[in-house]
Amino acid sequence: MSTKVNVAAIQMVSSHDIDENLETAKKLLQLAVEQNAKLVVLPENFLTYGNKIKPNNDQQEHFLATMSDIAREHSVWLVAGTYPISQAVIEKQTYHLDKNSFQSAHVRSDKPFAASAVFDSDGLCQGIYTKVHLFDADVNDGTKRYRESDEYRHGQNIPTFTSPWGIFGVAVCYDLRFPEIFTFFQRQGCSLICLPSAFTEATGRDHWQVLVRARAIETQSFVVAPNQGGVHPKGRSTWGESMIVGPWGEVMTKIDKGEGVIVASIDFSRVDDTRRKMPVAQHRSLI
């Protein structure tokens, strides 16, 4: 198993046109592949930002098939941002993964999950993370009131993924404010955390970089944090500043506003070295 890999974070300013967003994502992913990225992470709601769409099961399966094709075509591991996916489709997609079975984990609901599917370089779905913490908050911006739970249901499973380079976890946007999920990833042996996001301009200005770096520092892990970054239809603004952060908390690379790609070469052996020199996990209090 190699400990080194090029990882990419894709930043978008998604519109209400799903087809246009998909073409933009494909274009940016191609740029990442040209820089030899082998793990690519898309931002939250990269196809549907600002759209209160309710895709049916066939549309959801088409989305997953499209992401699978893209991963296989480019021979990359792909964290496919987020998309509304129902429990039934998730169960069908991950039937072969006992650890991600939803058959007893959730009560049935008409609402979809805000779901982040992970595909390996052969296009096989390795699991789907369903966003646990939904963004129900009042923000001092043009939208003011965000109620993600009006459209989505809370997830409950927190899978981890075993790649050719090491174990990684996936969290989404508002999850960033809850350190417990990141501590869980560390305890599960994760050396990398992927964080598809769409942080608002108002909250991102004060909290985004602070929180991303803090989660890397406290877990002593790499964090790949793609964000939405710009002005969207209906006046919504997202912060941007997508970044890749090292296990010491250093910003390895980042982008400001607008669509773009950042790529960093990471060496998972740095995680082991950091944890050996400062064994925080061993010192963690039980209270």
Here's a test for you: under side-chain contact (heavy atoms from CB on, under 4.5 Å), which of Thr203, Asp206, Leu176, Leu195 qualifies with Leu211? Leu176

As a test of understanding, state which of Ile255, Val41, Leu29, Ile262 forms a side-chain contact (heavy atoms from CB on, under 4.5 Å) with Ile10. Leu29

Verify the distance criterion only: is there a donor paired with an acceptor across the side chains of [X] and [Y] at less than 3.5 Å?
X	Y	result
Asn21	Ser15	yes
Asn45	Thr82	yes
Gln11	Ser242	yes
Trp239	Glu241	yes
Ser14	Gln228	yes
Ser149	Asp136	yes
Ser86	Gln60	yes

Interatomic distance, [X] atom [atom1] to [Y] atom [atom2] [nearest 0.5 angstrom]:
X	Y	atom1	atom2	answer
Thr200	Lys144	OG1	NZ	12.0 Å
Ile217	Gln220	CD1	CD	10.0 Å
Ser221	Gln186	OG	CD	6.0 Å
Lys38	Asn6	NZ	CG	8.5 Å
Ile244	Ile266	CD1	CD1	7.5 Å
Met12	Leu42	CE	CG	7.0 Å

Using a 3.5 Å distance criterion without hydrogens, assess whether the side chain of [X] forms a donor-acceptor pair with backbone atoms of [Y].
X	Y	answer
Ser68	Gly123	yes
Arg215	Val223	no
Ser2	Lys4	yes
Thr253	Ala264	no
Asp122	Leu124	no
Ser163	Gly166	yes
His154	Val132	yes
Gln30	Leu28	no
Asn51	Ile53	no
Gln59	Asn56	yes

Write out all pairs satisfying salt bridge (charged side-chain N to carboxylate O under 4.0 Å, His left out) with one or both partners inside residues 169-180, taking only residues at least two apart or from two chains. none

Member of Lys131, Lys111, Arg153 meeting the salt bridge (charged side-chain N to carboxylate O under 4.0 Å, His left out) criterion with Glu148: Lys131

Is any side-chain heavy atom of [Y] closer than 4.5 Å to one of [X]?
X	Y	value
Glu218	Pro179	yes
Phe168	Ser191	no
Glu61	Gln93	no
Ile128	Val118	no
Thr274	Trp248	yes
Leu31	Val263	no

Let's go through Thr94 and Cys125 carefully: what are the C-alpha distance in whole Å and the side-chain angles of both, what is the deciding distance for side chain to side chain contact (heavy atoms under 4.5 Å, CB included) to 0.1 Å, and is it a yes or a no? CA-CA 7 Å; Thr94 61; Cys125 181; 4.3 Å; yes

Walk me through it: do Phe185 and Thr183 pass the test side chain to side chain contact (heavy atoms under 4.5 Å, CB included)? CA-CA 5 Å; Phe185 287 141; Thr183 300; over 6 Å; no

For Phe135, the ring-ring contact (aromatic ring centres under 6.0 Å, His included) test, sequence neighbours excluded, returns Tyr146, Tyr174

Run the numbers on Trp77 and Trp165 for side chain to side chain contact (heavy atoms under 4.5 Å, CB included), then give the verdict. CA-CA 11 Å; Trp77 277 65; Trp165 317 283; 3.6 Å; yes

N-O pairing of [X] and [Y] below 4.0 Å:
X	Y	answer
Asp272	Arg276	no
Glu20	Lys27	no
Arg236	Glu201	no
Asp273	Arg270	no

Under the side chain to side chain donor-acceptor pair (under 3.5 Å) rule, collect the residues that match up with Arg213, sequence neighbours excluded. none

Output, in order, the C-alpha distance, side-chain angles, deciding distance and verdict of side-chain hydrogen bond (donor to acceptor under 3.5 Å, both in side chains) for Thr130 and Asn157. CA-CA 7 Å; Thr130 54; Asn157 73 318; 2.8 Å; yes

A quick test of your reading: do over 12 heavy atoms of other residues, nucleotides or ligands sit less than 6.0 Å from CG of Asp150? yes

Under 6.0 Å from the NE2 atom of His62, do we count more than 12 heavy atoms belonging to anything else shown? no

List the steps, then state whether side chain to side chain contact (heavy atoms under 4.5 Å, CB included) holds for Asn227 with Lys254. CA-CA 11 Å; Asn227 208 359; Lys254 69 175 183 175; over 6 Å; no

Can you check ring pair (Phe, Tyr, Trp, His ring centres under 6.0 Å) on Trp208 and Phe199, steps first, answer last? CA-CA 7 Å; Trp208 170 252; Phe199 249 63; 5.0 Å; yes

